[in-house]
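For reference, the structure is listed below as structure tokens.
Just so you know, these numbers use all the heavy atoms, side chains as well, and skip hydrogens, waters and symmetry mates. What you see is a predicted model, and the numbers here were worked out from it, not measured in a lab.
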Amino acid sequence: MARKNDDDNVTVVQQGVYPVPDIPIKDLLDSIPRHCFERSALRSGLYIVWDSFVIVCLYKAAAYLDSFVDPSTLSLPSPHLYTFARVAIWALYGFWAGLFATGLWVMGHECGHQAFSESKTINNTVGWIVHSALGVPYHAWRITHAKHHASTGHLTQDQVFVPSTRSELGLPPFDPAKEDILGSRVTEEVKRELWEALGDSPIGAVMGSASYLLGGWPAYIVMNSSGQKRYPKGTNHFDPSAPMFAPHHRGQIIASNVGILLWLVGIATSIYLKGFLEVFKVYLVPYLWVNHWLVLITFLQHTDPLLPHYRAPEHTFARGALATLDRNLLGDLGSVMAWIGSHATNGISETHVLHHVSSKIPHYHAWEASHALKKRLANAGIPMNGAPGGWAEVYRVFKECKFVEDEGDVVFFKNAYGLAKMRPQLPESSASDSGIEVEK
């Protein structure tokens with residue numbers, strides 16, 4: 001809650017306290033039942049079959065309904081309504097097919113974490129096929145995603161959703177006489193300067209968040225947009241010599257590129273044989289929805305005024321893993337849509353904190369493991385559940401998370417006025433550990 005001090009022309013906000021955890025990763029892993037770490041290629045494969053079956057059924061249903069939208073079988077008062085009806089049918093198909101295709105994306109994601117089966121060969125073969133079919137350079141993404149898990153929330157090592165600092169945005173330098181470094185106190189003069197520099201109109205927030213959802217994934221893969229800022233300009237996931245890859249990754253990056261080339265050839269061939277409109281409504285619209293859900297889910301998992309980001313002196317693997325949020329995808333539309341959202345996307349949004357603690361736990365064990373982990377952390381005071389994931393939440397977070405300060409080892413997002421919702425409470429001691437291998 002913010003209040004204005006009229007005498008000093010200062011706005012003061014009452015902040016929440018984030019207790020920076022000092023829990024060894026072993027303690028977190030020990031709280032999870034042993035059987036949750038078991039992986040089955042057969043059981044995992046059945047989810048791929050199921051998601052694919054649902055998508056085929058959705059296509060058959062859309063094609064069947066489309067066949068009735070004809071003057072000979074359906075009487076409508078205007079010829080334009082036939083076009084509207086067809087567009088509505090295929091738009092609904094695109095939405096639902098995209099949601100379940102996101103579930104397929106998640107299965108490829110599990111392959112990248114070696115959570116699909118006990119066999120690395122099976123994991124990488126299935127992952128390459130599934131992700132290539134969805135336009136994802138499998139190995140390239142797998143390698144950078146492992147680095148993301150190893151350094152989640154690390155301002156100079158994390159790979160994606162890295163906050164911009166005050167200086168990177170060209171904002172007025174921090175003035176301790178006019179504002180608090182933690183964002184609890186800001187003068188009206190500074191608020192006005194920051195607002196003018198950042199811009200935060202409702203229309204701007206809508207346009208900004210919409211463009212982020214629609215173009216964020218290809219922009220990250222092709223241009224490192226929202227990625228690690230220390231990488232040079234031109235860094236992308238298709239260059240075997242890119243700085244995020246080691247020399248021994250070269251063959252894997254080439255294999256990823258071959259998968260993308262085959263994907264593009266498949267799309268081009270389908271357009272030649274079936275026509276652009278057919279390919280667009282059957283495949284490209286769901287594909288765009290997949291990209292949309294991917295950005296929405298991952299953005300909301302890692303971006304919120306409740307979550308800290310760390311610089312090297314205070315970052316540990318466990319702290320980074322816990323600096324994420326679980327959200328009920330589509331939960332803002334009611335309990336039924338929340339169930340559909342979690343079912344269609346295989347729980348990727350609802351069990352994300354657990355996923356960062358141990359990424360090799362398959363999604364069908366993640367619910368039980370997540371419950372056990374949260375039971376262990378019940379008294380830690382760490383926020384782990386965010387508001388339901390949806391478009392309204394993206395808009396809110398986009399408005400509230402503008403920048404972090406250039407100094408401080410534990411920082412929180414500030415809004416367009418320079419105010420932060422949280423402040424850190426550091427433990428008396430800290431221990432560094434990690435549980436992710438990024439070079440294999």
Side-chain angles (χ1 to χ4, degrees), residues 91 94-95 98-99 101-102 105 148 152-153 158-166 168-171 183 194-229 284-307 309 323-334 337-338 341 344-345 348-350 352 383 385-404 411-422:
F95 173 84
L99 196 63
T102 303
W105 199 104
H148 158 65
T152 304
D158 202 352
Q159 301 295 299
V160 69
F161 301 118
V162 181
S164 296
T165 65
R166 178 188 287 259
E168 287 170 343
L169 292 178
L171 300 176
L194 292 175
W195 179 273
E196 291 174 354
L198 290 169
D200 197 36
S201 68
I203 293 177
V206 169
M207 295 298 293
S209 55
S211 63
Y212 197 64
L213 291 176
L214 292 174
W217 167 248
Y220 169 63
I221 292 294
V222 176
M223 300 183 297
N224 192 44
S225 178
S226 296
Q228 182 49 246
K229 297 174 176 61
L284 293 179
V285 171
Y287 165 75
L288 292 174
W289 273 112
V290 171
N291 290 353
H292 157 274
W293 290 121
L294 173 62
V295 175
L296 183 148
I297 291 168
T298 53
F299 171 72
L300 291 179
Q301 286 166 344
H302 297 284
T303 312
D304 195 277
L306 297 175
L307 297 177
H309 283 78
T324 61
L325 289 176
D326 291 343
R327 298 180 186 268
N328 293 121
L329 184 64
L330 299 180
D332 54 342
L333 300 178
M337 288 298 291
T345 59
I348 188 63
S349 183
E350 289 78 7
H352 196 68
N385 295 302
W391 301 293
E393 184 66 0
V394 170
Y395 173 79
R396 180 192 71 82
V397 172
F398 196 86
K399 284 178 64 69
E400 292 189 17
C401 299
K402 294 298 185 182
F403 69 97
V404 298
V411 295
F412 288 86
F413 272 110
K414 292 185 174 181
N415 62 19
Y417 291 121
L419 296 167
K421 183 172 288 187
M422 303 291 284

So CD1 of Ile348 and CG of Leu294: to nearest 0.5 Å the spacing works out to 9.5 Å

Rounded distance (nearest 0.5 Å) linking atom CE of Met337 with atom CG of Leu99: 7.5 Å

Would you say Leu300 and Arg396 make side-chain contact, with heavy atoms under 4.5 Å? no

Which atoms form the tightest heavy-atom contact between Gln301 and Ser349, and what is the distance? NE2-CA, 3.6 Å

For residues Tyr220 and Gln159, determine if any side-chain heavy atom of one lies less than 4.5 Å from a side-chain heavy atom of the other. yes

Tightest non-hydrogen contact, residues Thr165 and Glu168, listed as N-OE1, 2.9 Å

Indicate yes or no: at least one non-hydrogen side-chain atom of Cys401 is less than 4.5 angstrom from one of Lys421. no

Test item: Asp158 side-chain N/O and Gly153 main-chain N/O as donor-acceptor pair under 3.5 Å: yes

Per the ring pair (Phe, Tyr, Trp, His ring centres under 6.0 Å) rule, which among Phe299, Trp293, Phe398 passes with Trp391? Trp293

Between Val397 and Thr303, which heavy-atom pair has the shortest distance, and what is it? CG1-O, 3.4 Å

Once rounded to the nearest 0.5 Å, what's the spacing between atom CG of Leu329 and atom CD1 of Ile297? 4.5 Å

Which distance, rounded to the nearest 0.5 Å, do you find between the CG of Leu194 and the NZ of Lys402? 11.5 Å

So which heavy atom on Leu296 is nearest to which on Gly389, and how close? CD2-C, 4.4 Å

Separation between CZ (Phe412) and CD (Glu400), nearest 0.5 Å, reads 14.0 Å

How close do Phe161 and His309 get, counting heavy atoms only, and between which atoms? O-NE2, 4.0 Å

Leu325/His352 under side chain to side chain contact (heavy atoms under 4.5 Å, CB included): CA gap, chis, key distance, verdict: CA-CA 7 Å; Leu325 289 176; His352 196 68; over 6 Å; no

Are Arg327 and Asp332 within salt-bridge range, i.e. N to O under 4.0 Å? no

Student check: side-chain heavy atoms of Leu288 and Leu214 closer than 4.5 Å: no

Shortest non-hydrogen contact from Leu198 to Asn415? CD1-O, 4.3 Å

Rounded to the nearest 0.5 Å, the OG1 atom of Thr324 sits from the CG atom of Leu306 at a distance of 12.0 Å

